[in-house]
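The structure under discussion appears below in the form of structure tokens.
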Protein chains: 2
Amino acid sequence: MGAALTPNETEVLALLRGANGPMTAYQLLGRMQRNGGAVAPPTVYRALKGLEEAGVVQRIETLRAWAVVTSPVPGVVAICDDCGAVRSVEAQGVFEGLHQRLAAEGFAEARQTIEVHGRCGDCTGGQT
Amino acid sequence: MGAALTPNETEVLALLRGANGPMTAYQLLGRMQRNGGAVAPPTVYRALKGLEEAGVVQRIETLRAWAVVTSPVPGVVAICDDCGAVRSVEAQGVFEGLHQRLAAEGFAEARQTIEVHGRCGDCTGGQT
DNA sequence: CAGATATACGTTATAGTATAACATAACACA
DNA sequence: TGTGTTATGTTATACTATAACGTATATCTG
Ligand SMILES: [Zn+2]
Ligand SMILES: [Zn+2]
Ligand SMILES: [Zn+2]
Ligand SMILES: [Zn+2]
């Protein structure tokens with residue numbers, strides 16, 4: 001079974017949930033230090049690793065930052081370069097199509113990272 | 001027109017072309033130092049930036065490394081976690097499907113990063 | 001309870017990645 | 001010749017991540 005979260009993991013998750021977007025590991029570190037005194041980088045990286053393995057947090061590769069997983073199924077990460085908003089967009093067909101395409105090449109995929117930069121609806125003048 | 005490459009860019013590109021896979025910026029730096037004496041990080045990062053803007057080099061985000069662009073059209077980067085091989089696989093339908101999906105959300109995409117980790121055909125016991 | 005194992009955590013140091021800021025050189029060309 | 005532009009050199013620093021080792025705590029076992 002998926003083990004319960006440790007206290008450090010719980011704290012990091014709460015910080016990420018309270019943020020309105022991804023946070024870098026050192027932003028998390030700073031917050032934890034202001035909360036609880038002496039905290040060092042391994043503490044936050046260990047927590048992030050555990051949360052990632054638990055599937056509740058993911059690294060946004062193109063931002064070198066960390067965010068809560070908002071979708072039960074893996075989504076496309078859409079990042080607005082204007083306002084910084086990050087959304088996970090479900091795109092089952094895209095993932096499946098990619099799976100097929102790679103399988104045709106004999107490639108057995110284990111993990112897909114799909115991140116897209118651009119401008120969100122709000123920032124383009126917004127047709128919603 | 002796309003400006004000609006500078007000497008530093010040319011050197012970095014030659015190193016990447018001579019490698020059998022992505023290289024980190026500091027691997028490139030080490031090579032350049034062995035070739036030409038005093039070289040500092042900004043030299044290689046500047047060259048990488050120029051090459052990236054020229055479209056001949058790309059950063060592999062999930063590897064924090066740099067590789068030559070092998071496909072005229074953007075491809076899916078397939079990374080074998082076993083042997084380290086990195087291939088760019090054309091998947092026009094995937095990119096287009098993703099484009100459509102995001103457009104439907106009002107998101108105007110500018111840059112897609114699609115990287116997949118797994119095992120290549122050679123490493124799975126290889127049906128080619 | 002003594003001892004063994006496992007897990008989480010603390011602590012220090014260091015590795016690895018990337019950029020800021022400012023100085024200099026080289027070139028084009030008015 | 002002067003002037004702007006591009007490329008480069010140089011120094012320092014910021015940012016991201018992990019290695020290595022020690023300690024605490026819980027749990028099980030005999
Ligand atoms: Zn936006
Ligand atoms: Zn799949
Ligand atoms: Zn392989
Ligand atoms: Zn598109």
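Here is how names work: the chains are called A, B, and so on, in the same order as the sequence lines, proteins then strands, and each is numbered from 1.
No side-chain donor-acceptor contact under 3.5 Å links B:R87 to the backbone of B:C120. The backbone N or O of A:T6 lies less than 3.5 Å from a partner atom in the side chain of A:E9, making a donor-acceptor pair.
Only A:R64, listed by number, bring a heavy atom of residues 58-70 of chain A to less than 4.0 angstrom from any atom of DNA chain C. Listed by residue number, the members of residues 9-21 of chain A with any heavy atom below 4.0 angstrom from DNA chain D form an empty set.
Not a single salt bridge (charged side-chain N to carboxylate O under 4.0 Å, His left out) links A:D81 to another residue, sequence neighbours left out.
Contact between B:C80 and B:C83 at its shortest, heavy atoms only, is SG-N, 3.4 Å. Closest approach of B:Q112 and B:H99 over heavy atoms only: NE2-N, 3.9 Å. A:V94 approaches B:G97 most closely through the heavy-atom pair CG2-C, 3.9 Å.
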Show me, pair by pair, the donor-acceptor contacts under 3.5 angstrom made by side chains of residues 26-36 of chain B, not counting sequence neighbours?
{"from": "B:Q27", "atom 1": "OE1", "to": "B:T24", "atom 2": "N", "distance (Å)": "2.8"}
{"from": "B:Q33", "atom 1": "NE2", "to": "B:V39", "atom 2": "O", "distance (Å)": "2.9"}

Identify each donor-acceptor pair in which a side-chain atom of residues 62-77 of chain A lies under 3.5 Å from a protein atom, sequence neighbours left out, and give them as a table.
{"from": "A:T62", "atom 1": "OG1", "to": "A:E115", "atom 2": "OE1", "distance (Å)": "2.5"}
{"from": "A:T62", "atom 1": "OG1", "to": "A:H117", "atom 2": "NE2", "distance (Å)": "2.8"}
{"from": "A:S71", "atom 1": "OG", "to": "A:V73", "atom 2": "N", "distance (Å)": "3.3"}
{"from": "A:S71", "atom 1": "OG", "to": "A:V73", "atom 2": "O", "distance (Å)": "2.4"}

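With no hydrogens or angles considered, a side-chain donor-acceptor pair links A:E96 and A:Q100 at under 3.5 Å.
Between A:Y26 atom OH and C:dA15 atom P the separation is 14 Å, expressed in whole Å.
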Identify all pairs in which a protein N or O lies below 3.5 Å from an N or O of nucleotides 21-24 of chain C, and state each distance.
{"from": "C:dA21", "atom 1": "N6", "to": "B:R46", "atom 2": "NH2", "distance (Å)": "3.3"}

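A salt bridge is absent between B:E109 and B:R111: the closest approach of a Lys/Arg side-chain nitrogen to an acidic carboxylate oxygen does not fall below 4.0 angstrom.
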